[in-house]
Amino acid sequence: MELSFEQDGPARERSIALPPERKFLADYVLVFDEARERSVYMAAPDFHQFGHAWTYDGAAFTPICTEAVHAESPQQRWQGVWDGARQAVVAWNFGRDAEWRDRTYAVVLRDGAVELLEPGGEQPQRLEDADEVGGCFAYDRKRDVTVCVTGRGVWELGAEGAWKKVRGEEELPTDEDWKEECLGGAWDPRSERTLFYWVCEDEAGDDQLFLWAWDGVTLERLSNEGLPEKLVKGWMNTGPVLVSHPDGAVLLSGWGRPPLVVGEAGFEPWGTHGGQPFDPPRPASAKAAICWDAHLGAFVAGPGSYEPEAGKYPQDQHLFWVGEPGGGFAKLGVTEEKSPIGEI
């Protein structure tokens with residue numbers, strides 16, 4: 001007797017081949033490499049390692065580095081920048097010294113190889129009870145310095161290779177409960193400043209987006225005017241991501257909301273400066289890195305906790321999304337959901 005099987009339900013999605021899934025989904029950075037003119041996905045292949053990398057050219061992912069450096073347990077999510085002085089993609093994180101104090105380290109990708117960077121000087125320090133969060137990194141393209149902002153102040157790293165504290169903590173909020181799903185930094189080409197954002201509770205106990213600008217002299221908290229209500233949604237915090245774009249610093253927040261640009265008096269609709277909304281919009285997510293790909297003229301988003309459908313609970317998904325302004329976000333990869341058979 002011959003048995004035959006027929007598929008029940010929709011056909012499985014098809015996709016181009018993606019880089020292998022990581023042990024920890026958010027252990028990666030996504031940065032546009034201006035030397036290669038490609039988006040670079042650099043990730044941790046295993047525990048205490050970082051450095052495997054691929055480029056994306058709009059059609060396929062190509063491995064460019066199969067090495068990894070030993071990196072101690074990262075204390076928060078990796079944050080990546082294009083370092084113009086080093087002409088390299090640099091991924092930043094925090095470790096601990098022998099006295100359990102914060103110290104920074106980075107993995108530098110250049111010429112198909114990675115190296116560990118451990119700067120000296122006065123190390124950036126996060127708030128005392130920071131757990132997996134608490135520090136934001138961005139690259140100042142005007143002054144060619146890396147900037148780190150924590151709840152304890154502002155530090156800069158220049159060509160001499162040593163951190164220097166340049167501003168104290170007096171102006172910064174003291175709440176230590178930063179949300180790990182929503183923090184980072186970006187360069188704003190309109191104001192020529194580095195911007196830093198995170199979410200923590202305000203004086204009323206509500207989750208609030210804090211956005212700060214630093215130009216090397218002045219630390220300024222920017223207005224939240226123009227932000228939609230309940231931008232940060234629930235404890236899972238499928239919140240916004242700030243991305244550097246030629247038109248300015250663009251806030252992509254999912255939930256079907258149009259992109260916003262950081263303006264002089266708050267947030268402005270992107271269309272105010274010629275940008276076009278996405279249709280369909282970026283899916284809501286947590287922990288997903290996003291970069292602007294100048295070669296493709298599109299945003300590229302990496303793996304994270306995505307909603308399988310609008311309003312559904314976010315689930316870890318090894319997916320990439322490519323969004324062209326005036327068009328929509330196209331998915332790379334296959335969405336995974338629990339089978340209803342598993343509930344029987």
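Keep in mind that the numbers below use all heavy atoms, side chains included, and drop hydrogens, waters and symmetry copies. Since this is a predicted model, take the numbers as computed values, not measurements. Sequence positions, counted from 1, serve as the residue numbers for this chain.
- A cation-pi contact, defined as under 6.0 Å to the ring centre and within 45° of the axis, is absent between Arg38 and Tyr56.
- Tested against Phe320, the residues Ser39, Ser15, Pro303 include a single side-chain contact (heavy atoms from CB on, under 4.5 Å) partner, Pro303.
- Side-chain contact check for Arg193 and Ser191: at least one donor-acceptor pair (N or O, by modelled atom type) lies under 3.5 Å.
- In this model, a donor atom of one side chain and an acceptor atom of the other lie less than 3.5 Å apart for Trp163 and Thr104.
- Going from atom CD of Glu67 over to atom CG of Leu109 covers 10.0 Å, rounded to the nearest 0.5 Å.
- Contact annotation: the side chain of Arg110 never approaches that of Val89 to less than 4.5 Å [non-hydrogen atoms, C-beta and beyond].
- Between Asn224 and Leu209 the shortest side-chain heavy-atom distance falls below 4.5 Å.
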Mind running side chain to side chain contact (heavy atoms under 4.5 Å, CB included) on Leu195 and Leu242 for me, showing each step along the way?
CA-CA 9 Å; Leu195 303 183; Leu242 196 64; 3.9 Å; yes
Are Met42 and Val31 close enough, and set up right, to give a side chain to side chain contact (heavy atoms under 4.5 Å, CB included), and what steps lead you there?
CA-CA 8 Å; Met42 182 163 59; Val31 178; over 6 Å; no
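- Val147 has its side chain out of reach of Phe137: every pair of non-hydrogen atoms, C-beta onward, lies at least 4.5 Å apart.
- Looking only at side-chain heavy atoms (C-beta outward), Phe32 and Val40 stay at 4.5 Å or farther from each other.
- A salt bridge is absent between Lys165 and Glu122; no separation between the charged side-chain nitrogens and carboxylate oxygens falls under 4.0 Å.
- Side-chain contact check for Tyr41 versus Val29: every heavy-atom pair is 4.5 Å or farther apart.
- Contact check for Lys164 versus Glu156: no side-chain heavy atoms found under the 4.5 Å cut-off.
- Closest heavy-atom contact between Gly304 and Leu25: O-CD2, 3.3 Å.
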